[in-house]
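Since the structure comes first, as structure tokens, the remarks are kept for the end.
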Amino acid sequence: MEQCTDIPEGGACADAHGLSRAAVKLCALFLMAGASPIYVRSAAKRFCSAFGGEGRAYILPLGVQVCVYLGGLCCRAACAYSRGTDLALYKKCCKALALAESGAAFYDVYRGICADECCCRAGYRLAGAALASGAFCLFFGGAAAECVAAVLSGMLVAAPRCVWRHSVAARILSPFFGGLLCLLCYVIFCSLGQRFFLSAAVLGGIMPLIPGLGVCFALCDMLCGDFLGGGYRLLSALARAAAVSAAFASFPLLAGCYALPPVPALPLRAACAAAAAAGFAVLLGAELVAALPCVAVAAATYVCACLLSPFAGVFLSLFLASSAAGAVGRAFFCGGGGMCRVICSVPLVPGGALCLFTMALMRRDICSAAVLGAGAACSFAAVAFGLCLGECLAALAARILRGMSKARLRL
């Protein structure tokens with residue numbers, strides 16, 4: 001993404017060229033933060049309207065274009081972006097949009113958009129990775145020994161993302177070292193005569209790297225009409241998930257231990273789901289205090305999905321729970337419910353099934369791989385469709401309420 005070097009001097013006024021540049025940068029940052037294409041188009045329109053113009057955003061797989069009409073002139077600007085999920089960047093974009101709609105000077109808003117991204121401390125994000133890995137290990141039935149291995153390997157694989165952001169070698173090698181660390185913990189604890197479920201430690205430690213949210217949101221983009229960009233992001237996320245799972249599981253597979261521990265009780269799983277959602281919120285850059293309401297919604301939706309699954313089936317219960325999460329996030333949280341959308345998806349998205357699917361393929365268990373792959377695909381589709389439907393219903397309800405309030409004012 002190009003850097004801003006010539007910020008236009010001036011007060012609150014904006015010309016068509018400057019407004020188009022500011023709008024396209026804001027849209028690119030929103031997409032890099034994980035916002036949905038529908039919300040990005042709405043944000044571009046709202047941003048341009050705040051300065052007296054009319055804007056329209058066109059989202060492409062690797063770039064975004066914004067066309068601005070202002071003062072009888074039409075200007076078009078384009079910017080490249082890479083899709084991701086960063087809640088700190090999302091908060092910065094929402095703050096810039098709110099500043100523009102509050103009547104701030106265009107110069108101040110533009111400087112805020114082009115300022116360097118405020119990154120959370122690396123230790124803060126590593127603590128989130130440790131919390132998420134340990135919580136998911138307990139979620140999959142692990143005990144204290146497996147949890148220790150999962151926390152250590154989760155921090156190891158998340159370190160390149162938090163500390164060495166520009167080191168490609170560290171990103172490539174960290175999954176291998178994470179799997180090797182799990183295998184070493186397995187050998188140590190087994191030599192001490194303690195039972196150790198290697199699969200639970202692997203599933204917990206690999207969670208900070210599995211792009212389950214990327215797969216889910218790529219499907220959401222396709223359901224929102226962005227078929228080309230969503231398909232491209234879906235293929236890249238699936239390829240990254242397969243590569244990470246194969247690298248992480250290469251060493252643990254040498255032990256030949258594939259058994260999963262018994263599933264814990266629902267209260268423990270609900271607590272682990274809340275802890276995992278909080279850990280991912282911290283890992284993705286959100287402030288923990290601000291994310292606590294979303295964490296509560298995530299735990300509640302997971303419990304609802306578990307309670308509904310004996311009656312409605314797994315996929316229908318995931319669809320209903322994600323629909324409720326999408327509607328609640330869009331209706332009661334700022335920024336189009338983007339933070340709630342991300343955090344509530346953490347316990348519902350079947351990231352562990354992707355890892356188990358890859359491990360089944362690596363040991364040539366085609367039947368298990370087919371079952372796991374089909375189940376994961378249906379679960380991803382149910383969660384993505386539910387999120388989109390819930391957000392659309394909440395937006396429609398808000399539009400109806402606004403229309404009713406305007407009609408009352410006219411009367």
Tell me which one of Y90, F47, Y81 satisfies ring-ring contact (aromatic ring centres under 6.0 Å, His included) with F30.
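For F30, the ring-ring contact (aromatic ring centres under 6.0 Å, His included) test succeeds with only one of Y90, F47, Y81, which is Y90.
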Hey, does the side chain of S133 reach the backbone of A130 with a donor-acceptor pair shorter than 3.5 angstrom?
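No: the side chain of S133 does not pair with the backbone of A130.
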Start with the C-alpha distance between V342 and F280, add both sets of side-chain angles, then the distance that settles side chain to side chain contact (heavy atoms under 4.5 Å, CB included), and finish with yes or no.
CA-CA 9 Å; V342 172; F280 261 91; over 6 Å; no
On a heavy-atom basis, which atom in [X] and which in [Y] lie closest, and how many Å separate them?
X    : Y    : value
S322 : A382 : OG-O, 3.6 Å
M222 : F227 : O-CE2, 3.3 Å
I210 : G351 : CG2-O, 3.8 Å
A158 : L283 : CB-CD1, 4.4 Å

First locate atom CG of L213, then atom CG of L284, and finally report the distance between them rounded to the nearest 0.5 Å.
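Those atoms lie 7.0 Å apart.
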Verify whether one side chain among Y302 and R269 offers a donor that lies under 3.5 Å from an acceptor in the other.
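Yes - a donor-acceptor pair under 3.5 Å links their side chains.
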Salt bridge flag under 4.0 Å for residues K45 and E54:
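A salt bridge is absent here (no side-chain N lies under 4.0 Å from a carboxylate O).
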Ion pair present between K95 and D108, side-chain N to carboxylate O less than 4.0 angstrom?
no
Derivation of the side chain to side chain contact (heavy atoms under 4.5 Å, CB included) call for L307 and L266:
CA-CA 9 Å; L307 294 177; L266 180 58; 3.8 Å; yes
